[in-house]
Every structure is written in structure tokens, then in C-alpha cells.
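Beneath this line is the structure, given in C-alpha cells, with notes to follow.
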Amino acid sequence: MEQDPIVSKRIGKKNLYLRESHQLPLYLKLYPFYDRALARIAKDINEIDGYLTMIDIGANIGDSVALVTDTVQGQFLCIEGDHNYLPLLKRNIKKFTNSKVFVEESFCSDKDNMESQFAISSENGTSKLIENDNDDVKVSFKKLDTIVKSHKGFDKTNLLKIDTDGFEINILKGALSFL
């Protein structure tokens, strides 16, 4: 029997696949406004600009895009480097049928092709990179500027969401041309 099985839970208007230990369904139940502002902001941006093009750095299982697409359709780039979440993210984005959703399998930072010694610590549906002296564990990074250049149309992004448990400043430093 699998220790932390994949389950399907209601997130907004969609059933998403996630690990049973993922705390998002509990947070949404306990805190009715948890993660709800993003969808309202996206809707307003779409009304002002006439379109929505969003980049989601630290996309996890795609829950932010799921909540946004409950309200407004658009074009989305989900950036996720954690191989624990990527299969679930790819499975979940198939449910966002009225939007264009792309996945970039990468971690972001302020340098391209930077290999650092980090371990991925995953717990309760979130991950963080922690420094690690183990030579066997290497994590590669890309600058957001580089990622945007390789995904046509995302140079016109009008909504950027970053949730990376401590790498936000490094990501912004690697996005100076984009910004």
C-alpha cells in the first residue's frame, strides 16, 4: 500500500489530483478566503487589459490556475521544478480545457544553468529547497528571463504569481528584463 496515495479533492469548481497529505483542502475549508484574492485580481486584470496571461512560479499541483480558471480563462505558464508535483500538475492541467496551459519543468533563480547543492524537502503539500552538502543531489535553475524567451506570448504577461518558499528575491533578480 502506498504511504501517501494520490487522491482527488475538490479545489474550487474542479476535482484535482493531489497527495492525501496535501493540506490545501483543509486550508480552503478552515479559511474561506485562503487563496481567493488571486482569482479576483485575475478577473480584474482581464477586464482592464482584455486578456489574461499569467505566469505561476511554484505551480505545485496547479491549484492557483485551477482557482483562477473558475473565474476567467486565459493563457498560463506553470513553472515547477519539484518532480514530486510535476506528474500531478500535468494531470491536473488537462482539466483546464478552456484555457491554454503550458508547463516549464524548472526551478527559477537569478542565474541560468546554475547547479547548486540543494535537497527538496516536501511536506504537507509544499516543498522548499534546503542546502545540502551531498554531491549526489544537484538542482538546476533558470532565470525567468530565459524561460519567458522560450515560451512565445509570455513576454506580454500581465499577472505574475510567485510562491517559492524563500527564493522570491532571487527569482525577481533573474527577471529584470521581463519586469
Side-chain angles (χ1 to χ4, degrees), residues 1-43 45-46 52-109 118-130 137 139-142 144 147-148 150-151 153-154 157 159-168 171:
M1 180 180 231
E2 191 173 346
Q3 233 178 340
D4 193 8
I6 295 171
V7 296
S8 178
K9 297 280 183 171
R10 192 98 172 144
I11 306 297
K13 297 178 183 175
K14 298 171 189 76
N15 287 320
L16 298 185
Y17 296 104
L18 61 157
R19 294 281 175 190
E20 190 172 58
S21 65
H22 205 296
Q23 294 297 298
L24 181 62
L26 176 63
Y27 295 159
L28 291 171
K29 182 177 179 181
L30 292 176
Y31 310 106
F33 297 110
Y34 181 84
D35 218 13
R36 302 295 190 197
L38 185 60
R40 291 191 309 272
I41 293 166
K43 183 176 184 249
I45 289 171
N46 184 62
L52 178 66
T53 299
M54 178 178 145
I55 296 176
D56 181 359
I57 304 174
N60 197 284
I61 61 166
D63 49 289
S64 293
V65 174
L67 292 169
V68 168
T69 57
D70 283 350
T71 306
V72 62
Q73 303 309 309
Q75 178 169 276
F76 300 87
L77 176 58
C78 297
I79 303 173
E80 180 57 60
D82 188 333
H83 290 282
N84 293 310
Y85 297 118
L86 279 165
L88 297 168
L89 172 62
K90 289 177 181 179
R91 199 169 167 189
N92 286 332
I93 65 169
K94 294 175 184 172
K95 298 172 183 282
F96 314 148
T97 55
N98 292 325
S99 290
K100 293 181 181 178
V101 185
F102 305 90
V103 174
E104 170 71 31
E105 297 181 28
S106 182
F107 287 104
C108 287
S109 192
F118 286 96
I120 300 170
S121 173
S122 298
E123 185 176 49
N124 298 325
T126 190
S127 291
K128 64 182 173 183
L129 295 173
I130 54 174
V137 179
V139 176
S140 294
F141 295 88
K142 290 182 187 176
L144 182 58
I147 292 170
V148 168
S150 68
H151 290 275
F154 284 95
T157 294
L159 181 57
L160 174 65
K161 175 246 165 193
I162 306 173
D163 182 4
T164 57
D165 293 350
F167 271 77
E168 290 82 1
I171 291 166

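Index from 1, following the sequence.
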Heavy-atom closest contact ([X] atom, [Y] atom, distance):
{"X": "His22", "Y": "Leu24", "answer": "ND1-N, 3.2 Å"}
{"X": "Gly58", "Y": "Lys161", "answer": "O-NZ, 3.2 Å"}
{"X": "Met54", "Y": "Val68", "answer": "SD-CG2, 4.2 Å"}
{"X": "Glu80", "Y": "Leu86", "answer": "O-CD2, 3.5 Å"}

Measure the [atom1]-[atom2] distance between [X] and [Y] for me, rounded to the nearest 0.5 Å.
{"X": "Leu67", "Y": "Leu16", "atom1": "CG", "atom2": "CG", "result": "8.0 Å"}
{"X": "Leu160", "Y": "Thr53", "atom1": "CG", "atom2": "OG1", "result": "12.5 Å"}
{"X": "Leu38", "Y": "Asp163", "atom1": "CG", "atom2": "CG", "result": "10.5 Å"}
{"X": "Ser106", "Y": "Ile147", "atom1": "OG", "atom2": "CD1", "result": "4.0 Å"}
{"X": "Thr157", "Y": "Ile45", "atom1": "OG1", "atom2": "CD1", "result": "10.5 Å"}
{"X": "Phe107", "Y": "Ile79", "atom1": "CZ", "atom2": "CD1", "result": "12.0 Å"}

[X]: salt bridge (charged side-chain N to carboxylate O under 4.0 Å, His left out) partners, not counting sequence neighbours:
{"X": "Lys14", "answer": "Asp70"}
{"X": "Asp63", "answer": "none"}
{"X": "Lys43", "answer": "Glu47"}

inquiry  = Quick test of your reading: applying salt bridge (Lys or Arg N to Asp or Glu O under 4.0 Å), list the pairs with at least one residue in residues 85-96, sequence neighbours left out, ordered by first then second residue.
reply    =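 The answer is Lys90-Glu105.
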request  = Write out all pairs satisfying salt bridge (Lys or Arg N to Asp or Glu O under 4.0 Å) with one or both partners inside residues 21-36, taking only residues at least two apart or from two chains.
outcome  =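 Listed by first then second residue: nothing to list.
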task = For Phe154, enumerate each residue passing the ring pair (Phe, Tyr, Trp, His ring centres under 6.0 Å) test, keeping only those at least two apart in sequence or located in another chain.
result =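 For Phe154 the ring pair (Phe, Tyr, Trp, His ring centres under 6.0 Å) partners, ignoring immediate neighbours, are Phe102.
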Under the side chain to side chain donor-acceptor pair (under 3.5 Å) test, residues paired with [X] that sit two or more places apart:
{"X": "Glu20", "result": "none"}
{"X": "Asn92", "result": "none"}
{"X": "Glu104", "result": "Lys142, His151"}
{"X": "Ser99", "result": "Gln73"}

inquiry  = Please report whether the ring centroid of Phe167 lies less than 6.0 Å from that of Phe141.
reply    =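 When the ring centroids of Phe141 and Phe167 are compared, they turn out to be within the sub-6.0 Å range.
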task = Would you please name every residue forming a side chain to side chain contact (heavy atoms under 4.5 Å, CB included) with Lys9, sequence neighbours left out?
result =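 For Lys9 the side chain to side chain contact (heavy atoms under 4.5 Å, CB included) partners, ignoring immediate neighbours, are Val7, Leu18, Pro25.
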Which residues share a side chain to side chain contact (heavy atoms under 4.5 Å, CB included) with Tyr31, sequence neighbours left out =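 By the side chain to side chain contact (heavy atoms under 4.5 Å, CB included) rule, Tyr31 matches Tyr27, Tyr34.
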inquiry  = Let's go through Phe76 and Ile93 carefully: what are the C-alpha distance in whole Å and the side-chain angles of both, what is the deciding distance for side-chain contact (heavy atoms from CB on, under 4.5 Å) to 0.1 Å, and is it a yes or a no?
reply    = CA-CA 10 Å; Phe76 300 87; Ile93 65 169; over 6 Å; no
message = Between Thr164 and Ile57, is the side-chain contact (heavy atoms from CB on, under 4.5 Å) condition met? List the steps.
response = CA-CA 7 Å; Thr164 57; Ile57 304 174; 3.8 Å; yes
message = Could you check whether any side-chain heavy atom of Arg19 comes within less than 4.5 Å of a side-chain heavy atom of Leu88, counting everything from C-beta outward?
response =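 In short, these two side chains touch, coming nearer than 4.5 Å.
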